[in-house]
Each structure stands twice: as structure tokens, then as C-alpha cells.
Amino acid sequence: MPHANNDPYQDDILETQAPSFSIEQVTDIANRLYGLTGSLLPLASERDQNFRISTEAGDQFVIKIANSAEEPAIIDMQLKALAHIAIVDPTLPVPEVLVSRNGLAIEQIQAENGANHSIRMLTYLSGAPPKDAPTDHALLRPMGACLARLALALRGFFHPKAHYELLWDLKHTSKLRQYLPYITDANHCEVVSYFLDRFDRNVLPLIPKLRAQVVHNDFVPDNILVAENDPGRIVGIIDFGDMTHTLLINDLATTIAPMLPGHSDPVGVAAEIVASYHELVPLEKAELRILYDLIAARLTMLNVI
């Protein structure tokens, strides 16, 4: 599928093959750069290469090898955000960053084909992915509350790369129009056009007027871990790869959208998440007014991209 032709960086990320280091190579890298030895287990990743390292002492870490097209400055933003969160709200369950033997948070390694890759090491967060029904009622209010805490923790954070353009940022929803010719089903195309029109009419004029900050931008069931014996207790927040500076309300809409499909009471689901978020981060009237359109825009984005 074609990619956004006005975002060369994003094109590179989506089109560049993920790293393919062998377990033996990564074992050597972990020992040489971090002094860690142990067994390695590959972890799923869309565009990078991740491994869990379990040491003989029982400690666990994640070594993340970035796509060669990934800008080190964007990784630097993510790592600095984690450090900032740890200072502002140390009880939020986010990974800790390990520095290398060289005292660096980001190291560079070279693949056999000559490509350079940024590499970093984080603590491994134990927990379980949410069950097959992520809209389970027990998870709704914790999702809203945890997202609000995360937003508050990031409120004072900024980074020079925070304004980089990311198609997954809801403020760029209008750019999905370039994909309409690739939607062959006329009914689907009509639905997408309808919600893009609503976004342009109801949301675009308000973007300069609403609260904005750096946010996680992908706080969804796939990126959280819950306690094994308590499906409503969030014990891990992972994958800060879509972090960006955008509208605060976009962050909430992005969380709500994937919780709705397949649920018999989508409005009730959204209301539970909004209510618990609002208790910690009171929403402004203008933000609430466009929340419906932002949730619809995120659902549209999930389907179109």
C-alpha cells in the first residue's frame, strides 16, 4: 500500500525492513555493551527488533534494536520522557532506561549490510496482556485514570523532536483523504468521506484553541499489561513509539476508539473511560464537544491506514 507522500521520514520507517540480528549476535551485543548475559526470547515488533533477556540472577530486561530509518533524536525523546515520568509520578508502571558501559542511553550498532541501528536497554515489565475482551468493564475506569496520570506526568515535558509529523496523530486526520482512491468499496469510501468531512468541519477550526502537550498517543490494550490475578489493575505501560505533541483530547480519543468495536454499549464504555479521566484531568467544554468526532476519526484512521 502507498504511504503518505508528504512525510518522507514516515515513508522510510514503514518501508524499511526491520532489523534481523541473530540471537547469537544480540547475546554478544548485550554482553559487550551492557555487561548482561542470559537467555534471550524474541518479542513481537512491527518495525524494530526486540528481545527479552533473562539473567541467571533472575533479572529481566528488554533490548530494543531500532529500524535503521528511525531517527535517534526521536528515540532520545522517548527515553527522556520515561525519565521525566519516573521523576514526576514514580508509581506509574513504565520501563526504566539502562545506560550502557559507555554511559549512554542510546548506542549504535552496525548490521552486516552496513545499516546503522540505534539500540537501547529497558527493564522488562512483568504482567499479562489484557484478555481477549479488552472492553471488560473492570478495565474501563482504570484505563481512563491511568491515561490521565500519564498526561499529568508528561505535562511539563518537551523535546525538540516532539513536533515531528506522525500520520497516527489525530490532528493530521485530513491527510487520510489521499488514500480515498485506494478504497474500492463505494460504501466504505462514503463512510470515510463522511467522517473526514465532520473532522474538517468540527475539529480543524478548534485545533489552535485547545490544550496541547506531549502525550503517549497509543495508550490502548495492546500497549498495557495487567496483573495476572486482577484484570482491572494496570501494571505496565509499554511502547512509547507514537509519542508526539498534539491535542490533549486526542490522547483520550485514541484510547477510547479501540475499546468500542464489538461492544453492546459503546456509549457506556466511552462514558466510563471519560468519567475516570475527567476526575483527574477535568475536560473543557470544547474538548468534550469534539470527542465524538475524534473517536470516529481514530476508528477511521485504524481502518484506512
Side-chain angles (χ1 to χ4, degrees), residues 2-11 77 143-144 147-148 150-152 154-183 187-220 242-261 266-267 269-271 273-305:
H3 302 300
N5 53 25
N6 54 1
D7 188 352
Y9 167 69
Q10 195 153 276
D11 285 354
M77 173 179 69
M143 286 288 283
L147 180 68
L150 196 52
L152 288 172
L154 287 168
R155 185 168 53 178
F157 175 76
F158 192 72
H159 189 278
K161 288 301 292 186
H163 276 301
Y164 85 104
E165 188 169 305
L166 181 73
L167 190 59
W168 286 107
D169 177 356
L170 278 174
K171 70 172 180 272
H172 298 309
T173 295
S174 299
K175 295 186 178 183
L176 295 176
R177 286 192 189 278
Q178 65 189 303
Y179 297 123
L180 288 178
Y182 301 97
I183 304 174
N187 290 332
H188 292 173
C189 195
E190 185 179 350
V191 170
V192 170
S193 296
Y194 170 78
F195 285 113
L196 292 181
D197 289 344
R198 284 192 61 111
F199 180 89
D200 288 351
R201 182 172 65 250
N202 299 332
V203 179
L204 267 184
L206 290 178
I207 287 178
K209 305 175 184 179
L210 298 178
R211 293 182 292 180
Q213 65 169 73
V214 174
V215 296
H216 184 282
N217 196 43
D218 200 17
F219 188 79
V220 297
D242 282 351
M243 171 180 285
T244 191
H245 187 281
T246 191
L247 298 185
L248 185 63
I249 192 65
N250 287 356
D251 199 33
L252 179 58
T254 295
T255 292
I256 293 172
M259 305 287 278
L260 305 184
V267 174
V269 169
I273 299 170
V274 170
S276 59
Y277 183 95
H278 183 74
E279 287 175 4
L280 293 174
V281 180
L283 293 167
E284 299 175 354
K285 287 183 179 179
E287 291 171 330
L288 278 168
R289 195 161 64 243
I290 62 170
L291 185 55
Y292 171 87
D293 286 307
L294 288 171
I295 294 169
R298 180 67 178 188
L299 289 169
T300 303
M301 187 174 278
L302 288 167
N303 282 282
V304 172
I305 295 180

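Owing to the predicted nature of the structure, the values given are computational and were not obtained by experimental measurement.
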A side-chain contact here means heavy atoms from C-beta on lying under 4.5 Å apart; do [X] and [Y] qualify?
X	Y	value
M243	V214	yes
P205	D200	no
Y292	R198	yes

How would you list, by chain and number, every residue that makes a side-chain contact (heavy atoms from CB on, under 4.5 Å) with T173, sequence neighbours excluded?
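side-chain contact (heavy atoms from CB on, under 4.5 Å) check on T173 returns L170, L176, L196, F199, A297, M301.
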Under the rule for side-chain contact (heavy atoms from CB on, under 4.5 Å), what residues qualify as partners of H172, not counting sequence neighbours?
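Applying side-chain contact (heavy atoms from CB on, under 4.5 Å) to H172 gives E165, D169, K175.
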Should L288 and V274 be marked as a side chain to side chain contact (heavy atoms under 4.5 Å, CB included) after you check the CA-CA gap, both sets of side-chain angles, and the distance that decides it?
CA-CA 9 Å; L288 278 168; V274 170; 4.2 Å; yes
When rounded to the nearest 0.5 angstrom, what distance separates [atom1] in [X] from [atom2] in [Y]?
X	Y	atom1	atom2	answer
I249	I207	CD1	CD1	12.5 Å
L248	Q213	CG	CD	5.0 Å
H278	E287	NE2	CD	10.5 Å
L302	T254	CG	OG1	8.5 Å
L167	I305	CG	CD1	4.0 Å
K171	T246	NZ	OG1	4.0 Å

Which is it for I290 and L210 under the side chain to side chain contact (heavy atoms under 4.5 Å, CB included) test, yes or no, and what are the steps along the way?
CA-CA 11 Å; I290 62 170; L210 298 178; 3.5 Å; yes
Could you work out, with salt bridge (Lys or Arg N to Asp or Glu O under 4.0 Å) as the rule, every residue matching R155, not counting sequence neighbours?
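Residues passing salt bridge (Lys or Arg N to Asp or Glu O under 4.0 Å) with R155: none at all.
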Minimum heavy-atom distance between [X] and [Y], given as atom pair plus value:
X	Y	result
F219	T255	O-OG1, 2.8 Å
T244	Y164	OG1-O, 3.7 Å
V281	L152	CG2-CG, 3.8 Å
Y277	A151	OH-CB, 4.0 Å
G144	S276	CA-OG, 3.3 Å
I256	A270	CG2-CB, 3.9 Å

So, does N217 use its side chain to make a donor-acceptor pair with the main chain of D242 at under 3.5 Å?
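Judged by distance alone, yes, a pair lies under 3.5 Å.
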May I ask you to say whether D251 pairs ionically with R211, meaning some side-chain N is under 4.0 Å from a carboxylate O?
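Looking at D251 and R211, the cut-off is not met.
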Would you call D293 and R298 a salt bridge, using N to O less than 4.0 angstrom?
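No, this pair does not count.
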Going by the angle between their ring planes, with limits at 30° and 60°, are F158 and H245 parallel, tilted or perpendicular?
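Perpendicular, since the angle between the ring planes exceeds 60°.
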Of L180, I183, T300, the residue whose pairing with S193 passes side-chain contact (heavy atoms from CB on, under 4.5 Å):
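Only one option passes, and that is L180.
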